[in-house]
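To keep things clear, I will list the structure first and then write my remarks on it.
In the text below, chain A, chain B and the rest are named by the order of the sequence lines, each starting its count at 1. These numbers come from the heavy atoms of this one structure, side chains and all, not from hydrogens, waters or symmetry mates.
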Amino acid sequence: MKQKIKNLIIDAITCAYEKGDFSEKSVPEIEVEVPKITSHGDFSTNIAMVTASVQKMPPRKIAETILKYIKDPDRILAKTQIAGPGFINFFINTLSWHSVLRKIHQEDVVYGASNIGNGKKIQVEFVSSNPTGPLHVGHGRGAAVGDSVANILRFCGYDVQKEYYINDSGRQIDTLGKSVYLRYRELMEENIQFPDECYQGDYIRDYAKEIIALKGKALLDQDEEQSIFFCARFAAERIIKDIRKDLMDFGIEFDNWFSEQSLYDTGKVNAVIEDFKEKNIIYEKDGALWFKTTNFGDEKDRVVVRKNGQTTYFASDIAYHMDKFERGFHRVIDVWGADHHGYIPRVTGAIEASGQSRDRFNVILVQLVNLLREQVPVAMSTRAGEFVTLNEVVQEVGRDAARFIFLTRHHESPLDFDLELAKKKTNDNPVFYVQYVHARISSISRKSRERGLYELEWNETAVLMLQEPEEINLIKAMIRYPEVVEDSAKYMEPHRITFYLMDLASSFHAYYNKHRVLSDDPLLSKGRLYLVLAVQKVIRNGLSLLGVSAPDRM
RNA sequence: GCGCCCGUAGCUCAGUGGAUAGAGCGUCAGCCUCCGGAGCUGGAAGUCGCUGGUUCGAGCCCAGCCGGGCGUACCA
């Protein structure tokens, strides 16, 4: 619809130029928007004001000229007007609105989809939590955001891969092994001083117990280093298995699990370092190897190989991101916790250094989650090993509520997550508010079958009965949906869909409360049923992009 | 110190250059003979942190300041 308006304007300007009424032919990007105030029309454009300086004419005069030349072959316009400093307002024929209902029913599960991605390969990497402990609520938010962004991009025509990067190498894995090993010895009734730098959580003891069940005392009889290595591998594998299960319970499945260790095994980390040395962007200082990230906008250079010969996490990260591009991804998106934001310039630098354009790489930063219960913060301290896991939250409030609430804020804005609120079944809880629309329409649908009114065929006379303001309002809301999806893909902001759904739900509840769908008038009933079933489809489509179910009964 | 993010109604937040700044919660006043009341309608509530600038037009862009969070490792 918006595009149709744009075309009318472009044609009018071209025509005015040809007739000599405009001195300038070029047309800037035309912006057509839906005014906030209904009396300003269904659509409006600021084109007259924007081109005033170019055309050397007053805005209102330009607006008049455009209107003079506007043609409307499909008769979609009911009225036009010039308002304020030079806005052109368009009022659309109600008839033109109704055709979208047919479109929604025809397109069904793909209504709102587009092909702006044009089949380009794009990767979304998210969660990528270290395999040193279970996922906590913060990871849950990153998971919800990453998964939803990936879904949205896929819906917009990208060829999307969801990837999890496993940091199964380096110091933290050693620490994990040491932690489990020490708990193991402790359980063997040795007096152990458990160090602060080791992982404190109870789950470490659980793994130690499992090892005892499996191996008995065997680990005490062998070389300590060997035992720690065994504990590390055992625990890491168990943790990854648990993480995978927690994510499954959260409704998230990855296309690929990528091992950091594999980058060392295939020699890719060393290869990158050698390559950068040749390019003269890695140098030696104080016994360490430094990558000149300052060449690429970072505030200081970064170490890739430490004095003791060990590579840093950054070194494998360079190799990892190069590998992503080698795998043919046109764009690469990382979802990180906001506390890692200082890391962006160096990774961007690495990407540029390896010959890729920096705008093919995007980072979505996800802010922290404050877990509350009845408005009171739930105490959490990772250091003491006290944290609420994602799984506990999902068990308590359910997958749908958790996922939806994670997406009720802009991802860069901190989020208060109230466990009690998430369980409430009132309109305080946005999840139920939206899902309730779907269930309610399912109920109407069932009722309509009982009464023999159910029909999904396009029936123009029935649909044209829809003239109530609340009905037009619903139709207009649904017309907006494809654009909302496109914008949330463009800006990688799933919360736009969440807000849209809450808005659509509100319009529906208002309509439902005021007008009966199924009445004594069969034709009107059919028209209204056709309308609400369209609403149901849009709600269901939107929820599925968020990874939330659309129940028929609640 | 420097860098990034945030500052919008009592609270939690939408709003990435348009006209009279919105929603939920809370508050006040109402709505069930009826398709699911897990719902709806209406009112009150604002110096968009402050000060300048850019332009036809700024909550949005730019500069400076104030307040909060995070980062600033040869940790991840």
- Would you confirm whether A:Y164, through its side chain, and A:S129, through its main-chain N or O, come within 3.5 Å as a donor-acceptor pair? yes
Electrostatic pair [X]:[Y] at N-O distance under 4.0 angstrom:
{"X": "A:D503", "Y": "A:R480", "answer": "yes"}
{"X": "A:E396", "Y": "A:R373", "answer": "yes"}
{"X": "A:D174", "Y": "A:K178", "answer": "no"}
{"X": "A:K324", "Y": "A:D334", "answer": "yes"}

- Looking at every strand, decide which applies to A:V50 at a 4.0 Å heavy-atom threshold: base, sugar-phosphate, or nothing. base
- Message: Taking any heavy-atom pair under 4.0 Å as a contact, classify A:D418: base, sugar-phosphate, or nothing.
- Response: nothing
- Pick the nucleotide of RNA chain B nearest each of A:L365 and A:H509; which residue has the one closer to the 5' end? A:L365
Over how many whole Å does the gap from [X] atom [atom1] to [N] atom [atom2] extend?
{"X": "A:I47", "N": "B:G57", "atom1": "CD1", "atom2": "P", "value": "19 Å"}
{"X": "A:E31", "N": "B:C56", "atom1": "CD", "atom2": "C1'", "value": "15 Å"}
{"X": "A:F432", "N": "B:A38", "atom1": "CZ", "atom2": "P", "value": "13 Å"}
{"X": "A:I88", "N": "B:G18", "atom1": "CD1", "atom2": "P", "value": "17 Å"}
{"X": "A:N473", "N": "B:U41", "atom1": "CG", "atom2": "P", "value": "11 Å"}

- Message: I'd like to compare against my own output: the B/S/- annotation of nucleotides 10-15 of chain B with a strict under-4.0 Å heavy-atom distance to protein.
- Response: --SSSS
What are the atom names and distances for every N/O pair under 3.5 Å that joins the protein to nucleotides 69-76 of chain B?
from	atom 1	to	atom 2	distance (Å)
B:C70	O2	A:H341	NE2	3.0
B:C74	O2	A:K307	N	2.6
B:C74	N4	A:D286	O	3.0
B:C75	OP1	A:R306	NH1	3.1
B:C75	OP2	A:R306	NE	2.6
B:C75	OP2	A:R306	NH1	2.8
B:C75	O2'	A:R171	NH2	3.2
B:A76	OP2	A:Y313	N	3.3
B:A76	O3'	A:Q172	NE2	2.5
B:A76	O2'	A:N130	ND2	2.5
B:A76	N3	A:H340	NE2	3.4

- Message: Suppose we call a contact any N or O donor and acceptor under 3.5 Å apart; does that hold for the side chain of A:S506 and the base of B:A23?
- Response: no
- Task: Using only heavy-atom distances, decide whether a donor-acceptor pair under 3.5 angstrom links the side-chain of A:N46 to the base of B:A19.
- Result: no
Could you list the protein-to-nucleotides 32-36 of chain B atom pairs, N/O on both sides, closer than 3.5 Å?
from	atom 1	to	atom 2	distance (Å)
B:C34	O2'	A:R516	NH1	2.1
B:C34	O2'	A:R516	NH2	3.3
B:C35	O4'	A:R516	NH2	3.1
B:C35	O2	A:L518	N	3.0
B:C35	N3	A:V517	N	2.8
B:C35	N4	A:Y512	O	2.8
B:C35	N4	A:H515	O	2.7
B:G36	OP1	A:S443	OG	2.3
B:G36	OP2	A:S443	OG	3.3
B:G36	O2'	A:Y436	OH	2.5
B:G36	O2'	A:R440	NE	2.9
B:G36	N7	A:S443	OG	3.4
B:G36	O6	A:M554	N	3.2

- Message: Once pairs are restricted to Watson-Crick or G-U wobble with both distances under 3.5 Å, how does RNA chain B read as a dot-bracket string, [ ] for crossings and | for other-strand pairs?
- Response: (((((.(..((((....[...)))).(((((.......))))).....(((((..]....)))))).)))))....
- Near-parallel close stack of A:F87 and B:A19 base (under 5.5 Å, under 30°): yes
- Message: Please give the distance between the P atoms of B:A23 and B:A44 as a whole number of Å.
- Response: 12 Å
- Message: Using atom C1' in both nucleotides, what's the gap between B:G43 and B:C5 to the nearest angstrom?
- Response: 37 Å
- Query: Side-chain donor-acceptor pair under 3.5 Å between A:Q536 and A:S442, yes or no?
  - Reply: yes
- Can you name the residues that form a ring-ring contact (aromatic ring centres under 6.0 Å, His included) with A:F404, not counting sequence neighbours? none
- Message: Suppose the criterion is salt bridge (charged side-chain N to carboxylate O under 4.0 Å, His left out): which pairs have a residue in residues 33-59 of chain A, not counting sequence neighbours?
- Response: A:D42-A:K476
- So, do A:L529 and A:Y454 sit near enough that their side-chain heavy atoms are less than 4.5 Å apart? yes
